[in-house]
Amino acid sequence: MLAELFTWELGWAAGVVTLAAVVRGFSGFGSALILTPALSMIYAPEIAVPLVIVVEAALSVQMLPLGWKAAEHRQVAFLSVMAVIAIPFGTWALIAVDPTMLRWVISIGILLFLLALLAGWRRKGEATRFGIAVTGVLAGLMNGAAGIPGPPVLLYYLGGGTTAKQLRANVILFFFVLDCATLPWMAIQGLITVRILLIAALLLPTAVLGVFAGVRLFPLASERLFRLIAFGIIGAVAVVSLPIG
């Protein structure tokens, strides 16, 4: 079986994973934006979607030491718990609500919050327990409904005085917890096969190198540049999620 996996698809996937890993290593997020559409064009959906989850989990494990050092552990723990609780409700919305309308609501909501931040809106004071709870619920709902939990968390932190280093550490730890909750669930459903694990293992070296490069790039960016890149990634998520085409 292993020899059969060395195809042109694996070569393309290696390039995609490398790029996604560089982005993840630099910003702490954004890799799924690259992985999901690209791997879906390379492999069949039943392989691509679980493969994205496995690769994302591998990236999270590699990034965890960086996030653990600087993250606000109690805050991220509360955020993660609220997100995990809300995921089933997002999944229900995916089934019960018209998918086209759901994608429009999610995309437009992200764009409106992003435009508010670009226009200069900022929340006053430090992150509150209520604000974190609402952010966690929104992240969980979006993860269950569309597989994109990041925007609410990023927009909340970007709307305050959180530094690039702190934001990056918090989202690294947050995504690690979410991956730990998602991966076993997919495995129980039988979506994680031996073939997918073998492909992920073959792609792992490129992921390691990509994260290494991204981590080295992070100190070179100013606070302003990091925020601009974060805004760009969030905007790209919203645009890609639009039900057009």
Side-chain angles (χ1 to χ4, degrees), residues 15-36 38 56 59-76 79-80 107 109-128 131-132 135-136 138-139 142 148-179 206-241:
V16 168
V17 170
T18 301
L19 177 60
V22 171
V23 172
R24 183 70 173 271
F26 171 79
S27 64
F29 58 93
S31 50
L33 173 65
I34 299 169
L35 289 172
T36 301
E56 281 284 297
L59 295 177
S60 288
V61 170
Q62 190 179 351
M63 295 288 292
L64 182 60
L66 297 172
W68 186 264
K69 292 179 182 179
E72 298 166 299
H73 297 94
R74 289 187 178 182
Q75 191 177 107
V76 176
L79 178 72
S80 303
S107 297
I110 295 172
L111 287 172
L112 288 175
F113 276 107
L114 179 58
L115 289 172
L117 289 180
L118 291 173
W121 175 85
R122 295 290 183 272
R123 59 178 168 79
K124 297 179 180 179
E126 299 296 324
T128 64
I132 291 295
T135 301
L138 288 174
M142 287 183 59
I148 46 173
V153 178
L154 296 166
L155 290 171
Y156 185 74
Y157 282 125
L158 288 168
T162 307
T163 64
K165 182 178 180 180
Q166 190 74 68
L167 185 152
R168 181 170 175 261
N170 285 350
V171 296
I172 287 172
L173 190 55
F174 173 71
F175 283 129
F176 174 78
V177 175
L178 236 59
D179 288 336
T206 64
V208 171
L209 291 174
V211 167
F212 180 82
V215 168
R216 293 299 181 273
L217 290 173
F218 174 71
L220 303 179
S222 64
E223 290 282 335
R224 176 177 171 76
L225 177 60
F226 182 87
R227 294 176 74 88
L228 288 174
I229 292 173
F231 288 149
I233 293 174
I234 296 169
V237 169
V239 172
V240 169
S241 300

Heavy-atom pair with the smallest gap, counting every atom of Ala21 and Ala207 = CB-O, 3.4 Å
So, is the end of the Arg216 side chain (NZ or CZ) under 6.0 Å from the ring centre of Phe212 and within 45° of the ring's axis?
-> yes
Minimum-distance pair of heavy atoms, taken over all atoms of Ala20 and Ile34 = CA-CD1, 3.8 Å
Taking the side chain as C-beta and beyond, is there a heavy-atom pair between Tyr156 and Ile132 under 4.5 Å?
-> yes
Flag the pair Ile110 / Met142 as yes when at least one side-chain heavy-atom distance between them is below 4.5 Å, and no otherwise.
-> yes
Is there a donor-acceptor pair under 3.5 Å between the side chain of Gln166 and the backbone N or O of Ala70?
-> yes
Leu59 side chain reached by Val17 side chain, heavy atoms, under 4.5 Å | no
Test item: Thr162 side-chain N/O and Leu158 main-chain N/O as donor-acceptor pair under 3.5 Å = no
Exercise: identify the closest heavy-atom pair between Val208 and Gln62 | O-NE2, 3.1 Å
So with a 6.0 Å cut-off around CZ of Phe113, is the heavy-atom count from everything else above 12?
-> no
So do Arg168 and Thr163 actually touch side chain to side chain, heavy atoms under 4.5 Å?
-> no
Note: Thr128 and Gly131 closest approach over all heavy atoms is OG1-N, 3.0 Å
Of all heavy-atom pairs linking Val22 and Ala213, the shortest is CG2-CB, 4.3 Å
Rounded to the nearest 0.5 angstrom, the CZ-OG distance for Phe175 and Ser60 is 8.0 Å
At what distance, to the nearest 0.5 angstrom, does CG of Leu154 lie from CG of Asn170?
-> 10.5 Å
Say you draw a straight line from CG of Leu155 to CG of Leu117; how long is it, rounded to the nearest 0.5 Å?
-> 5.5 Å
In terms of ring plane angle, is the pair Phe26 and Phe226 parallel, tilted or perpendicular, where the classes change at 30° and 60°?
-> tilted
Gap separating the NZ atom of Lys69 from the CD1 atom of Ile172, nearest 0.5 angstrom = 11.0 Å
Ser31 and Glu56 side chains, donor-acceptor separation under 3.5 Å | yes
Closest non-hydrogen atoms of Val171 and Gly28, given as atom of the first, atom of the second and distance, are CG2-O, 3.9 Å
So, is the end of the Arg24 side chain (NZ or CZ) under 6.0 Å from the ring centre of Phe29 and within 45° of the ring's axis?
-> no
Drop me the distance from Leu167's CG to Ser27's OG, to the nearest 0.5 angstrom.
-> 9.5 Å
Quick one: does Trp68's side chain get under 4.5 Å of His73's, heavy atoms only?
-> yes
Side chain to side chain, Pro149 and Leu178, heavy atoms closer than 4.5 Å = yes
When rounded to the nearest 0.5 Å, the distance separating CG of Leu114 from CD1 of Ile234 is 6.0 Å
pair Leu209-Thr18: side-chain heavy atoms closer than 4.5 Å | no
